[in-house]
Amino acid sequence: MSPAESDLRSPEWFRSVVFYEVPIRAFYDSNGDGIGDLPGVLAKLDYLSDLGVGAIWLLPFYRSPWNDDGYDISNHYEVDPRFGTIDDLDRLVEGAHARGLRVIGDLVTNHVSIEHPWFQAARKDRASPYRPWFLWSDTGTEFSRARRIFPDFEKSNWTFDPEAGQYYFHRFFATQPDLNHDHPAVEEEMLKFARFWLDHGLDGFRCDAAPYLFKREGTTCQSLPEVHTFFQKVRAMLDAEYPGSILISEANQSVAETVAYFDAGHEFQEVLHFPVMPNFYLALAENNPRRILDVLRTTLSGAPASCGWAYFLRNHDELSLEQVSEDERALFFRYFPLPPEARVHLGVRRRLAPLVAGDDSSVLLLTALVLGLPGCPYLYYGDEIGMGDRLDLPDRDAVRTPMQWENGPTAGFSSADPSRLTRPLVTDPKFAPAARNVAEQETATRSLLWRMRTLLRVRAAHSTVFGSATFEGIDLGSTPVLGFWRRGQEYQILCLYNFSVQPVSGAFPLPERVWASPVELLRGGHSSTVTDHTFQYRLGPRAFSWTLFLCRQPRTAA
Ligand code: NOJ
Ligand code: CA
């Protein structure tokens, strides 16, 4: 077993790594058909490993008609042929593990594709054993308190199926009928689905649409106790049969509902931090980070010591503004100049770099913040080079365009004719392949990619402190600076982030427990001095610093 492979065995590996989201379809096309595929991801593992990430999250690769980009599964036990074969998946997992990278899949248990043979059998015949695998109604009026998740596209959670002679329930698109989780066979099948891919070496799952699995009349049909019981069962199976593999919850809910997915360490090891995410952007809008600290103060203690919050700035969906007030939404739209077509549902289908008008400093500030917080940071593919989006594409395809590997007619994504690419390339001159691509940024040390890599490397070198050490916010009064300590056993890291577009300077007393001879972990954009145990700093516009202090020995030991 190589050292990289043995490292994978630590049950808490997930607390010290950075995750990178890979949409296979848009990442790299290995066979020239214009569609990204599994061998394509394998071919780019060295890139990912050089970037400094420790785990990749593969978006759904199961057979699917792609009405929801793979979140509509038509066969749970097959790789979609456009992505390759099961052997390709095995080779990818093996290649990742050999490099010390973990691989997470997507466990989609709420619904299947309308084309799935289970649904096809169920709709044709009321006596089919699959009929009770779905939710049927003669009126389509039940569960009326269940929110619609895609209100821009679906007018109801029920759709009448002439073939079935009844309405079926779907929380997402009508092409995604919900499974009936009250049917014991469904639960068994979903455990089988998880086991199948864990047997192929996956290190865990991001669990899609976690809150919605169970429905009860008179409730919002969200985060019901039955949901938690189900995921506790999945977790118990993982712990018993696949120790060291992890579950990550996708629950875009209020703080209280979201925290519940940790369930004191018995359910999910990681919970995506939806409540804090919009606040990263609102803090830019206000040139003031106070609101971030407020959310962290109420949520950090919610993650048990063996778990971690999963922070992200963007993902393959819209930037969701569901968890903020109407006033906050208005503030967001006043600050970020967005054409009307950028809005979808209650959010924004725009990538990170165009949101901040291509300002690398803002991209780095927010990235350094999610890397500095206790827990598990997630990066979205292409954000490391400041890729843009295409608002002329439908729905969330806007943020799923081919990865820009180099300047050229297919951005180095494929050898196919450019007209045959699975999605067209970004054309906005500020963010198109000619302006933003891996090959050119790799040769320029001042590029966004280099600075991202530096950040990731520094974080990796101090991964225990960044991943697990205590977090202590610093009261910096009315300054636009977010400051906190990450307190390790032997040393502590002071993290400062200036949210203002103006330079800022300030001072605060150092805690007694640190030696007053700090080491700056990052260069550029900031300076500091220590006099009389007072830390004086100066941060450029949207600049940040990470400073290491050795801990003093306790007095008795000294
Ligand atoms: C959340 C996924 O991130 C999104 O892309 C998908 O459309 C829904 N769940 C339904 O599976
Ligand atoms: Ca291909």
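Start at 1 and go down the list; that is how both ligands and their atoms are numbered.
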Can you list, by chain and residue number, the protein N, O or S atoms under 3.0 Å from the Ca ion (ligand 2)? Asp29 OD1, Asn31 OD1, Asp33 OD1, Ile35 O, Asp37 OD2
At less than 4.0 angstrom from any non-hydrogen atom of His111, what atoms of ligand 1 do you find? 10 (C), 11 (O)
Distance under 4.0 Å to a non-hydrogen atom of Arg400: what atoms of ligand 1 satisfy this? 5 (O)
Do the two ring centres, one from Phe312 and one from Phe274, sit under 6.0 Å apart? yes
Within the 6.0 Å centroid threshold, strictly below: His228 and His266: no
Could you tell me how the ring of [X] sits relative to the ring of [Y]: parallel (under 30°), tilted (30 to 60°) or perpendicular (over 60°)?
X      : Y      : result
Phe119 : Phe134 : perpendicular
Tyr130 : Trp133 : perpendicular
Trp118 : His116 : tilted
Phe268 : Phe231 : tilted

Please give me the minimum heavy-atom distance between Glu318 and Arg314, naming the atom from each residue. C-NH1, 3.6 Å
Return yes when [X] approaches ligand 1 closer than 4.0 angstrom through a heavy atom, no otherwise.
X      : value
Arg396 : yes
Phe150 : yes
Arg206 : yes

Please state which protein non-hydrogen atom is closest to [atom] and give its distance, to 0.1 Å?
atom                   : result
atom 7 (O) of ligand 1 : Asp68 OD2, 2.5 Å
atom 8 (C) of ligand 1 : Phe172 CE2, 3.8 Å
atom 5 (O) of ligand 1 : Asp317 OD1, 2.7 Å

From Phe205, Tyr77, Phe61, residue fulfilling ring-ring contact (aromatic ring centres under 6.0 Å, His included) relative to Trp197: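 Looking at Phe205, Tyr77, Phe61, the match for Trp197 under the ring-ring contact (aromatic ring centres under 6.0 Å, His included) is Phe61.
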Test Phe169 against every option in Tyr212, Phe214, Trp158, Phe160 by the ring-ring contact (aromatic ring centres under 6.0 Å, His included) rule and name the one that passes. Trp158
Taking atom types as modelled, is there a side-chain donor on Tyr261 or Glu250 under 3.5 Å from an acceptor on the other?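 The answer is no; no qualifying pair exists.
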A student comparing Asn252, Asn315, Asp208 should find that the heavy atom closest to atom 1 (C) of ligand 1 comes from Asp208
